[in-house]
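Basis for what follows: all heavy atoms, side chains included, without hydrogens, waters or symmetry-related copies.
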Amino acid sequence: MARRGGGLRAVIKVAKAIDKAGKQAAREAERRQKAIAREEAKAEREYQKQLRERERDVLRQEKDRVSQARQAEKLNTAQAKQQFKDSLIDAQEEYAERCSERAALRKQFVNAVLR
C-alpha cells in the first residue's frame, strides 16, 4: 500500500515556496528602486552639467563682449592719436610753408628797397 503523508510536508513546502517568492519579490522591488534612484541621480547630474555649461557660455560671452569693447576702445584711442599726429604734421607743414612764403616776401621787399 501506498504511504500517505499527513500533508504536513506539502504544507511546509508550500509555505517555504511562498516565503521564498516573497523574499524574491522584495529583492526585485529593491533592485527596481535602486535602478530608479540611479536613473534619477544620473538625470540630476546631467541637468547640473547643462546648467554649468550654460553658465560657462554666458561668462565666456560676457568676457568676449568686454574684450571686444576694450579692443574697440583701444582702436578708437589709436585712431584719435593718429589723427592728432596727422594734424600736428599738417600744422608743421603749413607753418613751414608760411615761413618760406614770408622769407620770399622779405627777400622781394629787400630787393625792391635796395633797387
Side-chain angles (χ1 to χ4, degrees):
M1 299 233 186
R3 198 172 150 183
R4 290 177 72 177
L8 183 62
R9 273 190 201 162
V11 170
I12 291 173
K13 284 183 182 181
V14 168
K16 283 184 178 181
I18 291 172
D19 188 41
K20 184 177 179 181
K23 286 181 182 179
Q24 183 66 28
R27 281 194 294 267
E28 287 296 321
E30 187 177 350
R31 283 186 192 127
R32 283 192 301 274
Q33 287 176 346
K34 284 183 180 180
I36 290 170
R38 279 193 303 271
E39 289 297 320
E40 288 174 352
K42 182 179 178 181
E44 178 65 22
R45 285 191 303 269
E46 283 294 320
Y47 176 71
Q48 292 297 329
K49 182 179 178 182
Q50 289 175 352
L51 286 179
R52 285 191 305 271
E53 286 176 1
R54 285 185 199 142
E55 188 173 332
R56 273 190 234 122
D57 287 343
V58 168
L59 290 175
R60 189 177 306 118
Q61 289 172 354
E62 178 67 20
K63 186 177 177 181
D64 290 346
R65 187 186 62 75
V66 168
S67 176
Q68 287 176 351
R70 189 175 295 136
Q71 191 173 11
E73 187 176 332
K74 283 183 181 180
L75 182 61
N76 288 341
T77 304
Q79 287 176 344
K81 282 183 181 179
Q82 188 61 42
Q83 285 177 344
F84 180 72
K85 287 179 182 179
D86 291 345
S87 67
L88 277 179
I89 290 171
D90 290 344
Q92 288 174 343
E93 289 173 355
E94 288 175 8
Y95 177 74
E97 189 177 323
R98 283 195 313 266
C99 287
S100 65
E101 288 174 0
R102 286 182 182 159
L105 285 175
R106 272 194 305 267
K107 283 184 184 179
Q108 282 181 353
F109 181 74
V110 169
N111 287 336
V113 170
L114 292 178
R115 285 186 187 183

For Lys23, salt bridge (charged side-chain N to carboxylate O under 4.0 Å, His left out) partners two or more places apart: Asp19
Please list every donor-acceptor pair under 3.5 Å in which a side-chain atom of residues 38-55 meets a protein atom from a residue at least two apart or in another chain.
unit_1	atom_1	unit_2	atom_2	d
Glu44	OE2	Gln48	NE2	2.8

Salt bridge (charged side-chain N to carboxylate O under 4.0 Å, His left out) involving Glu30 - partner list, sequence neighbours excluded: Lys34
For Asn111, side-chain hydrogen bond (donor to acceptor under 3.5 Å, both in side chains) partners two or more places apart: none
Salt-bridge contact Arg31-Glu28 (side-chain N to carboxylate O under 4.0 Å): yes
Heavy-atom neighbours of Gln71 CD exceed 12 at 6.0 Å: no
Inter-residue atom distance Cys99.SG - Arg106.CZ, 0.5 Å rounding: 8.0 Å
Neighbour count above 12 (heavy atom, 6.0 Å) for Arg27 CZ: yes
Partner set under salt bridge (charged side-chain N to carboxylate O under 4.0 Å, His left out) for Lys16, not counting sequence neighbours: none
Those residues that, when tested against Glu62, pass side-chain hydrogen bond (donor to acceptor under 3.5 Å, both in side chains) (two or more places apart): Arg65
From Gln82 atom CD to Ile89 atom CD1, the distance as rounded to the nearest 0.5 Å: 7.5 Å
Chi angles and distances behind the side chain to side chain contact (heavy atoms under 4.5 Å, CB included) call for Phe84, Leu88: CA-CA 6 Å; Phe84 180 72; Leu88 277 179; 3.4 Å; yes
Whether Thr77 side chain and Glu73 backbone form a donor-acceptor pair below 3.5 Å: yes
